[in-house]
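Have a look at the structure below, then the notes.
In what follows, every heavy atom counts, from backbone to side chain, and hydrogens, waters and symmetry copies are set aside. Note that ligands are numbered from 1 as they come in the structure, with each ligand's atoms numbered from 1 the same way.
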Amino acid sequence: MTALDRAWWKEAVVYQIYPRSFNDSDGDGLGDIPGIVEKVDYLDSLGVDCVWLNPVYESPGVDNGYDISDYRAIMDEFGTMADWKELRDALHERGIRLIMDLVVNHTSDEHAWFVNSRSSKDAEYREYYWWREGRTPEGTGLDPDDYDTPADVDEVPPNNWDSFFGGPAWTYDDQTGEWYLHLFDERMPDVNWETADLREELFEMMEWWLDNGIDGFRMDVINLISKPDGLPDGEDPTAIVKGVDKFTNGPRVHDYLSELHDRVLEGTDSMTVGEMAELSIEEAKRYVGEDGDGMSMVFTFDHMRLDMTDAGRWSYRESSPRELKETMTHWQDGLADEGWNSLFLNNHDEPRQVSRFGDVGEGYRRESAKLLATVLHTLRGTPYIYQGEELGMTNYPFDSLDEIRDVDTIKNVRAAQKSGQLDEDDVMDLVRYRTRDNARTPMQWDDSEHAGFTDGTPWMPVNPNKDTINAEDARNDPDSVWHYYRDLIDLRTERDVVVYGEYDLRLPEHESLWVYTRTLETDDGEDTLLVVLNFGNDETEFEPPADLVGESAEILISNYDTDVNAVEQTTLRPWEARVYDLA
Ligand code: TEU
């Protein structure tokens, strides 16, 4: 079946591990690599094909490992290189691949390159980062009081860009009297991809990891690596962060990524998934399309923005199931002929999917978690399971800002309060709903004191619902969310149509039903699945599309007991999900 353009990463289900919160083997309260090794059989029994490991490299931990100080070393708290090799081998022995996080838009300020770079204007590594002189404030529209400079320095930075973590993207450095760029924390300076030596070092580092047997990379904020000539001010007043219109999908990003592909990835069977906020279909094709940069797939974020206003992450608006269906359909259709989608509804940066898109208030947690799983595993693309999602883990009931560890939440809340965008009353509601820490509470293995995550004191509190939501109980209960995931994963292995079938939205106008078919032409005819999802706590009448009424069918998988032999009008129960096999 060459016509299908098969690839292992299209057929795979990826499981994302946030090592800090997965399993602690030594009682220090932080998860670690030996802890993951202990759980490799767990992953195998779930049936996943690939693990994406969030950063485990040496790091001061300002942003939980996204601030890397040595790309070729493992952070002490997580273990050693020998531990990492044991994990790699344990996964590979079970046929599970391993992809690593590639964070090359920035490093830690403790990386040897930056330490050297900031030491003098003519330091060897000066050009590995973005150093610029400041400007006099007049005419810039910027207020020197918004920047942290010594009293005798009356300057503003070279442009108005803001950091994703709140506040300016530039920091003044005393040592040389210049400013450096950081699109995230000030302790995470952006590297300068225009410097050929820097690119060379990064490519060699990637080759080194591939030589060490990894199967690919998840590329952190990869569409931010090319900055425009002259570093112009951001002009888009609705931009989610000031400057995004200038530094996203920059002028040389495709040159860099094509070079990276030719130099490092060509001829390997590795997968790459680029994390790309702010992306249109047309732009996505330049990365993953036929004439693109050779990337396997992209993480896009339109569906993660539906519950925000133009004011960005630290705002809230109510979104509807129909908007979710339309947004995801836009990407299904957009990349139908070229490129490939990644399917996710949560990750380590987002709240828990069942709390955000499902129901945790009125007793349908289990049903809605299964419905969301059905979406992720029956759309066209590669499904990603974020640790704990397979248990239907929920957001944490944070009471106060003191419980928050996440630098992004802390800084953005501070900035929003300063600018008056958020008042005290709204803050905790929004934090509880949105904070990345929702995803970072410990994995719930059992109902013991710290949910089986650690014998020590966990670095983040364990969700009190571990008494009822935990892996041990889920594995013992054939009706659990966990078993449902396993069945969905099996289905993918058994049926090509799940992976390769064409997506076709039906009943597009329906407000709460999401209905689609997946169809694959095979040598034996046409293989068709019909997916019907009732998004909500209410019962809903399903009037099938006229051309499908009466078609003989059986249920391949559903979150309720259902017995049918044809597609017929029916009343769907709250959060009911059905996959019909149209034989
Ligand atoms: O995230 C990039 C990113 O822009 C967001 O998803 C981010 O969490 C949010 O917008 C912050 O306002 C990636 C990583 O996934 C994230 O964990 C890192 O903090 C970030 O890059 C920096 O490396």
Validation row, ring centre Y66 to ring centre H348 under 6.0 Å: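 Between Y66 and H348, the centre distance is under 6.0 Å.
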Aromatic contact, F299 with F344 (centres under 6.0 Å):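 For F299 and F344, the ring centres are under 6.0 Å apart.
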Looking only at protein heavy atoms, which one is nearest to [atom], and how far off is it?
atom: atom 12 (O) of ligand 1; value: D408 OD1, 3.0 Å
atom: atom 6 (O) of ligand 1; value: D349 OD2, 3.3 Å
atom: atom 20 (C) of ligand 1; value: F184 CE2, 3.8 Å
atom: atom 18 (C) of ligand 1; value: D63 OD2, 3.3 Å

Ignoring hydrogens and geometry beyond distance, is a side-chain donor-acceptor pair present between S319 and D307 at under 3.5 Å?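 Short answer, no.
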For Q16 and N54, test the side chains for any donor-to-acceptor distance below 3.5 angstrom and give the result as yes or no.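 Short answer, yes.
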Is the shortest distance from a heavy atom of R436 to ligand 1 less than 4.0 Å?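 Yes; R436 lies near enough to ligand 1 that a heavy-atom distance drops under 4.0 Å.
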Is there a side-chain contact between T457 and H450, using heavy atoms and a 4.5 Å cut-off?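 The answer is no, as the side chains (C-beta and beyond) never meet within the 4.5 Å cut-off.
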Do the side chains of W113 and Y125 get nearer than 4.5 Å, heavy atoms only?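 When only atoms from C-beta onward are counted, W113 and Y125 do touch, with a gap below 4.5 Å.
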Heavy atoms only, cut-off 4.0 Å: how does R218 contact ligand 1, side chain, backbone, both, or neither?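 Side chain only.
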Between F165 and ligand 1, which part of the residue brings a heavy atom under 4.0 Å of the ligand: side chain, backbone, both or neither?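 Within the 4.0 Å criterion, F165 contacts ligand 1 through side-chain atoms alone.
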Among D67, N64, D76, side-chain hydrogen bond (donor to acceptor under 3.5 Å, both in side chains) partner for S59: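 Running side-chain hydrogen bond (donor to acceptor under 3.5 Å, both in side chains) over D67, N64, D76 with S59 returns exactly one hit, D67.
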Could you tell me, atom by atom, which parts of ligand 1 come under 4.0 Å of a heavy atom of V221?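 What qualifies from ligand 1 is 2 (C), 21 (O).
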Looking at H106, which atoms of ligand 1 are within less than 4.0 Å of one of its heavy atoms?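 The list of qualifying atoms is 22 (C), 23 (O).
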Evaluate [X] for polar contact with ligand 1, using N/O atom pairs at a separation under 3.5 Å.
X: E350; value: no
X: F301; value: no
X: D220; value: yes

Hey, looking at atom 1 (O) of ligand 1, which of E275, M188, H348 has the closest heavy atom?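 Nearest heavy atom to atom 1 (O) of ligand 1 lies in E275.
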Backbone N/O of E77 and side chain of D32: donor-acceptor pair under 3.5 Å: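 Flag not set: sc D32 to bb E77 has no pair under 3.5 Å.
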So does E186 get a backbone contact from the side chain of Y180, meaning a donor-acceptor N/O pair under 3.5 Å?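 Indeed, once roles are kept as given, a pair shorter than 3.5 Å links the two residues.
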